[in-house]
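See below for the structure under consideration.
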Amino acid sequence: MDNLFFTNEHIMIRNMVREFADSEITPVAQELDELGKFPRDLVDKMGELGLMGILIPEKYGGAGLDMVAFATAIMELGRADASVAITMTAHSSLGSLPILMFGSEEQKNTYLPKLASGEMLGAFGLTEPDAGSDAGATKTKAVRDGDEYVVNGGKIFITNVGEAGVLSFTSQVVENGENLGIAAFTIPTNTEGLEIGPKEKKMGWRASDTRQLFFKDMRIPASSILGTPGEGFKTFMKTLTSGRVSIGALSVGTAVGAYERALAYSKEREAFGKSIHKFQSVGFKLADMATKIEASKLLVYHAAWMKDQGLDITKEAAMAKLFASETAMEVTTEAIQVLGGYGYVRDYGVERFFRDAKILEIGEGTSEIQRLIISREIIKDVQV
Amino acid sequence: MKIAVLVKQVPGSESVLPILNDETWVDESLVSFIMNPPDNFAIEEALLIKEKAGEGEVVIVSMGPDRVKKTIKEGLAKGADRAIHLEEDGQIETDPLSISKSFSTVLKEENFDLIFTGLQSDDTGMGQTGVLLGEMLGYSTATLAMETDVQSDSIRVKRELESGWFQWVKLPMPASISIQSGLNTPRYPSLKGIMGAKRKEIKSIPVSEHRVGSKMQTIEKVFIPQTSKQTEMIEGDADSVATRIVEILKTDLKVL
């Protein structure tokens, strides 16, 4: 056993995803990044392997695996290409979990088998121009009209939505003139009144699909709602903690990808008659990188394991996401430093990890929000 | 169609290979093992034949200590139906004749239509087991199959010969065939395959029930080849220098 949280099956999953990523993703990662090309054929292949439905139960066609399995798969994909990894991650956690956890049986049967096979991609719309960290400030409004809701508003920075078949999103709900608070809805992406903007031009995650979208008098059946408005929102937001664990895992993968390249280079590159790894300034840098990666990995797996035990992971998920994402930024920065000028040019592939790392400190709750969550959680335990 | 695939666990190409003090083998406790890469192609070919036929069974057969279960499970995760594990204690058997006798003892009751092996193992690289086993069981045999074409009671096989030549041979079944690497693209195990492998049967055969007779071949010494450099300055006129060069190429280097 090479990991405290692993069963034999986790090891086999890790090995399979690593082999797949090394053979199928790494060779095309630079090109996908350069062209900003969505990895459709890789998504299809991941679907065949069951990687698009890791968390979806077997009865809906998924693999029905746990968060530890999910985390290890994301780490291995992220080690090769963060764009491919975030496509799978956003689809599996925020794109699929709300339907699984709050959907009606009809919604589950309609969407989950297609999401599990990768035939359909899922997206989730939460962020708005004026509601990012403050998700409660959501302005999108769904007004009840008979058996339908009429939705107006818009969302920004939505992963996968240009390629997705199903979209879940949050909105205020107004019924009979009364604002019932925020709820989530699930709709097919070909719904009339849903307008999807052009692909954003990003610093990193360039091959992943990120877009703005608008709801213009979009009429949707009342049955599109997930759970109940108002009351359900806090519970709903809590499900996003799984998303934090997955971004933590992607952070570990991103850091490992850059670190391994820097380590290999430090053994090959010679200066002043010896390999640069033998200079303490480089060797110690690599030692720090390895140590922080190990700590991040343990935080992420521990949070995933706690989730699998049914425990509350509000604090642990925030800690794992915070530490792992800041580690990814540090490690990718230092990896470029180890490669020197070669690290700065695109051909060596390390600067891609650096560009891909920055968003990890922003998406699914900024570092500042994670610290806010952690500070609130730790003070709860203090008895005065 | 009942197909056995002989699968071996071998040291990975990136593993360390520390030699034991008595120089008889490597220290396996420090070695990282993987499925013998050529066997991957044999498994894939067997699965493709079964899938094309729409029925049948693919059985992974492996010999070795407890560690080989990991490799067996990989084969099951890729889609094989069940497995037979010929257990070994202590140092593994390296004599292909003894190994083949063990396999034939266990497999003669199974009546496989086809037995596939990889072209050779990445550790001892002898490439004999499939042919020896085939002979012992009275099967037809062929080596280095680059393409297979199963017919009702026979199999056509495209064999790789020397110098870019190929040969199609038709073998009556049952047959034992070694599979050339690269003839197909081995699949990855899917998540469902990995989870499903837990429920598949691995039949264990204790060493006392398969090891027969004494071995004909043992390993004398395992060592890392020493590299050395020798320089001979050839002096004299052009004719004598040329004569000496031809002699070296013919007798020392044996390239002429």
Side-chain angles (χ1 to χ4, degrees), chain A residues 1-2 6-25 27 41-42 44-74 76-77 80 88 92 113 115-118 260 263-264 267, chain B residues 7 9-16 29-41 43-44 47-48 51 60 62 65-80 83 85 122 181-182 184-202 204:
Chain A
M1 202 64 47
D2 56 2
F6 273 13
T7 61
N8 287 330
E9 282 69 34
H10 289 128
I11 294 172
M12 289 178 81
I13 292 166
R14 196 256 329 264
N15 294 348
M16 178 273 275
V17 183
R18 182 173 295 179
E19 203 186 322
F20 171 75
D22 284 347
S23 322
E24 314 268 340
I25 303 177
D41 55 337
L42 288 172
D44 292 344
K45 285 180 186 171
M46 291 194 289
E48 284 166 25
L49 293 174
L51 292 172
M52 301 306 279
I54 296 184
L55 297 172
I56 296 175
E58 286 177 86
K59 74 167 177 167
Y60 299 113
L65 294 172
D66 56 14
M67 280 299 288
V68 171
F70 187 46
T72 196
I74 295 168
E76 294 304 327
L77 295 176
M88 178 278 239
S92 304
L115 290 168
S117 68
E260 286 181 349
L263 183 66
K267 280 169 85 174
Chain B
V7 173
Q9 194 185 45
V10 299
S13 58
E14 288 170 15
S15 171
V16 290
S29 66
L30 299 172
V31 169
S32 64
F33 287 95
I34 59 165
M35 179 189 289
N36 181 42
D39 299 349
N40 231 330
F41 297 96
I43 294 177
E44 182 64 28
L47 292 172
L48 290 173
E51 284 162 6
I60 302 290
S62 189
D66 203 49
R67 61 174 161 79
V68 307
K69 284 216 177 79
K70 180 173 164 274
T71 291
I72 289 174
K73 280 189 183 154
E74 263 178 64
L76 295 174
K78 281 171 185 271
H85 175 203
D122 272 12
S181 295
N184 53 37
T185 308
R187 67 194 68 190
Y188 303 97
S190 69
L191 291 185
K192 277 182 193 165
I194 290 171
M195 300 315 286
K198 276 197 291 193
R199 296 188 284 273
K200 291 178 178 172
E201 180 201 12
I202 302 176
S204 294

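Each chain gets a letter, A, B and so on, in the order the sequences are listed, and its residues count up from 1.
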Subject >> Residue pairs, two or more places apart or on separate chains, that pass salt bridge (charged side-chain N to carboxylate O under 4.0 Å, His left out) and touch residues 68-78 of chain B >> reply: B:D66-B:K69
Subject >> Within residues 189-196 of chain B, residues adjacent to chain A where the heavy-atom gap is under 4.5 Å >> reply: B:P189, B:S190, B:L191, B:K192, B:I194, B:M195
**OP:** Please check if atom CD in B:E14 has more than 12 non-hydrogen atoms from other residues, nucleotides or ligands closer than 6.0 Å.
**Re:** no
Original post:
Quick one: ring-ring contact (aromatic ring centres under 6.0 Å, His included) partners of A:F20, sequence neighbours excluded?
Top reply: B:Y188
Original post:
Heavy atoms under 4.5 Å from chain B: which residues of residues 64-72 of chain A carry them?
Top reply: A:L65
